[in-house]
Each structure stands twice: as C-alpha cells, then as structure tokens.
There are 2 protein chains.
Amino acid sequence: MSAPAPVAQLAALADDTRWAILGLLGASPRSASDLARELPVSRQAIAKHLAVLEQAGLVAAERDGRAVRYRALGASLSALADRLDAIGRGWDARLARIAAIAEADPRS
Amino acid sequence: MSAPAPVAQLAALADDTRWAILGLLGASPRSASDLARELPVSRQAIAKHLAVLEQAGLVAAERDGRAVRYRALGASLSALADRLDAIGRGWDARLARIAAIAEADPRS
DNA sequence: TCGATCCGCAACCCTAGGGTTGCAGGAGGT
DNA sequence: ACCTCCTGCAACCCTAGGGTTGCGGATCGA
C-alpha cells in the first residue's frame with residue numbers, strides 16, 4: 001500500500017559533503033565552480049554530487065549562459081519527510097495494537 | 001542554529017535490506033534469527049544491520065531469555081522527519097526571499 | 001582573435017561497508 | 001546430562017562509490 005521506501009533519496013542524503021552542498025544551495029543558488037571554491041573538494045567531485053542530488057530530485061539545475069546554477073528544492077525534502085513520518089506512525093500504531101492485545105490476553 | 005544534519009540516521013536508512021528489516025519489525029517485533037528465516041541474507045548480516053539500526057536509534061533491543069527481540073521505533077523516524085521538514089522549509093523560505101529581492105531590484 | 005573560465009567525459013585509486021563462512025559461548029527444554 | 005537453538009566475535013571477499021587528475025569543448029569578455 002505505502003509506496004516503496006524512498007531509498008534513493010535517502011542514499012543521496014547520506015553523505016556529509018552533499019549536506020554541505022545542500023546547505024550552501026539552500027542559502028542561495030550557485031554554480032558547481034562556486035561550490036568548489038567554498039568546499040574542500042574538487043569541482044568534479046561536486047559535479048558528481050550534484051548529479052546524484054538532481055537525480056534524487058533534491059536540487060534543480062538552471063542553465064545561465066555558460067554557467068549552470070543549482071538551487072535546493074526544499075519542497076522535495078519536506079515531501080520525503082512526510083512519507084517518513086507516515087511510515088513511523090504506521091509502525092507505532094501497529095505495535096501499540098499488538099501490545100494492547102498482549103495485555104488483554106496475557107498468556108506469555 | 002539548526003542541529004547538524006542527521007547523516008548517521010539517514011545512512012542507516014539508505015539500504016534496502018534494512019528497510020526490509022524495518023518493515024518486518026514495524027509489523028511485529030522479532031529476533032534476528034526470525035528475520036534471517038524471512039529474508040534472503042544470513043543471520044550475521046542481519047545482526048550487523050540491527051546493530052547499525054540500534055546505533056541510529058531506529059530500533060530497540062529487548063532480551064527475552066536466550067532470544068533478543070527487536071522492535072521498530074516509529075517515533076524516532078517521525079522525529080527525523082520533523083527535522084528534515086524544518087530544513088526543507090528553511091531552504092524554500094530563504095530562496096523565496098532572495099527571489100523577491102531580485103524581483104524588486106531587477107539589475108541582472 | 002585570444003585568453004580566461006566554466007562545463008562534461010573518462011580513467012583511475014582507495015576505502016567503507018554489505019555479505020559470507022566458521023567457530024565458541026550460553027540459555028532452554030526434556 | 002544432553003541436545004538444540006540463538007547469539008556474539010572474527011576473518012575474509014568483493015563491489016559501490018567518493019575523490020582525484022587530465023583533457024577537450026564551449027562560451028564570455030576585452
């Protein structure tokens with residue numbers, strides 16, 4: 001019923017460098033070269049990360065002349081958050097129900 | 001201001017096998033051996049995954065005789081979701097503000 | 001036109017970590 | 001006491017992927 005766990009997006013978020021990138025893009029849009037100047041990794045490494053983030057829908061690219069400006073998509077992150085919250089609530093609801101049954105029928 | 005990005009928890013969630021485990025534990029608590037019987041991986045692999053999940057606070061262990069029963073902690077997942085949602089909203093708010101300024105002062 | 005950037009592709013290195021097998025220790029059941 | 005089942009360590013294999021360097025193509029500014 002619930003959609004398959006969004007592992008791809010979570011994997012994209014499971015990296016410190018990518019969070020550093022997202023932090024900067026969440027403050028203001030900028031290009032890969034800009035990011036490379038502010039972070040301790042090469043531009044190509046950043047390009048790879050941006051590709052992953054774009055694939056995951058967490059970032060959007062916008063070509064502006066020879067530069068490519070990226071911006072963080074907060075709505076995507078919030079959407080992911082909603083799905084996780086729903087799953088978490090689902091677990092607790094089911095487990096609480098089981099606990100209640102165990103209480104009412106105490107044959108351990 | 002905002003707490004450091006919860007990369008550890010996200011990394012714990014960035015794996016299909018662990019989601020399979022969480023799905024089962026979210027339906028009803030069970031032991032590592034139980035899980036090994038229902039999943040196509042060895043018990044030791046599952047034990048490693050459970051250690052990761054426990055470390056991330058997404059699962060709780062409860063010793064019952066010689067068995068160790070695990071259960072999913074939905075509240076933790078929901079808490080993580082809240083943090084992500086807040087971050088996402090933060091990005092959009094800041095970027096929207098920048099867009100508004102650019103609109104009011106259009107010297108591209 | 002020429003130089004300075006900016007991007008994209010490709011090859012390569014190296015570690016993190018998911019998976020396996022094997023074995024030893026304990027707790028239960030009969 | 002004995003056998004069974006579950007857990008915990010340890011060593012090991014192997015791929016995914018984060019990082020680097022190097023090069024070639026394209027675009028902007030002077």
Side-chain angles (χ1 to χ4, degrees), chain A residues 4-25 28-72 107-108, chain B residues 4-25 27-72 80 107-108:
Chain A
V7 180
Q9 293 195 340
L10 290 166
L13 292 173
D15 182 273
D16 292 291
T17 301
R18 283 199 278 269
W19 272 102
I21 292 175
L22 288 171
L24 291 172
L25 295 183
S28 73
R30 57 196 91 189
S31 72
S33 296
D34 290 338
L35 291 167
R37 275 183 228 104
E38 310 182 54
L39 293 176
V41 291
S42 68
R43 178 185 63 81
Q44 287 82 346
I46 294 195
K48 284 190 193 177
H49 286 305
L50 287 173
V52 171
L53 290 171
E54 187 175 15
Q55 184 98 5
L58 292 167
V59 131
E62 182 186 356
R63 168 151 239 122
D64 175 29
R66 68 181 160 185
V68 178
R69 201 186 319 282
Y70 290 86
R71 72 179 200 280
R107 50 184 166 216
S108 91
Chain B
V7 181
Q9 292 194 339
L10 290 166
L13 292 173
D15 182 272
D16 292 291
T17 302
R18 284 200 276 269
W19 272 102
I21 291 174
L22 288 171
L24 291 172
L25 294 183
S28 73
R30 58 197 91 189
S31 73
S33 296
D34 290 338
L35 290 167
R37 275 182 227 104
E38 310 183 54
L39 294 176
V41 290
S42 69
R43 178 186 65 79
Q44 287 81 345
I46 293 195
K48 284 190 191 176
H49 285 305
L50 287 172
V52 172
L53 291 171
E54 186 175 15
Q55 185 98 4
L58 292 166
V59 130
E62 183 185 357
R63 168 149 240 123
D64 175 31
R66 66 180 161 187
V68 178
R69 202 186 318 281
Y70 290 85
R71 72 178 199 281
L80 173 62
R107 50 180 165 221
S108 92

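All of these numbers come straight from a predicted model, not from anything done at the bench. Numbers restart at 1 for each chain; the letters A, B, ... are given by sequence-line order, proteins then strands.
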Give the rounded distance in Å between these two atoms: [atom1] of [X] and [atom2] of [N].
X	N	atom1	atom2	result
A/D34	C/dT5	CG	P	13 Å
B/R30	D/dT7	CZ	P	13 Å
B/L50	C/dG18	CG	C1'	14 Å
B/L35	C/dG19	CG	P	13 Å
A/Q55	D/dG18	CD	P	13 Å
B/L39	C/dT20	CG	C1'	16 Å
A/Y70	C/dG8	OH	C1'	10 Å

Kindly point out which of [options] is positioned nearest to the side chain of [X]?
X	options	value
A/R63	D/dT20, C/dC7, D/dT7	C/dC7
A/V41	D/dG8, C/dT20, D/dT20	D/dT20
B/V68	C/dT20, D/dT7, D/dT20	D/dT7

Can you tell me if the side-chain N/O atoms of [X] get under 4.0 Å from OP1 or OP2 in [N]?
X	N	value
B/R18	C/dG18	yes
A/S31	C/dC7	yes
A/H49	D/dG17	no
B/R43	C/dG22	no
B/S42	C/dT20	yes
A/T17	D/dG19	yes

Hey, does the side chain of [X] reach the backbone of [Y] with a donor-acceptor pair shorter than 3.5 angstrom?
X	Y	answer
B/R18	B/L53	no
B/E54	B/V59	no
B/R30	B/S28	yes

Quick one: the side chain of [X] and the base of [N], do they pair up donor-acceptor inside 3.5 Å?
X	N	value
B/K48	C/dG17	no
A/Q44	D/dG22	yes
B/R66	D/dC5	yes

Residue A/Q55 excluded, over 12 heavy atoms near CD under 6.0 Å |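 Incorrect, the count does not exceed 12.
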Just to be sure I understand the rule, does [X] reach a base, reach only the sugar-phosphate, or reach nothing, if contact means heavy atoms closer than 4.0 Å?
X	value
A/R37	sugar-phosphate
B/R69	nothing
B/A32	sugar-phosphate

Heavy-atom pair with the smallest gap, counting every atom of B/L13 and A/L10 |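 Closest heavy-atom pair between B/L13 and A/L10: O-CD1, 3.6 Å.
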Nearest non-hydrogen partners of A/A56 and A/Q9, listed with the distance |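 The pair with the smallest heavy-atom distance is O-NE2, 3.0 Å.
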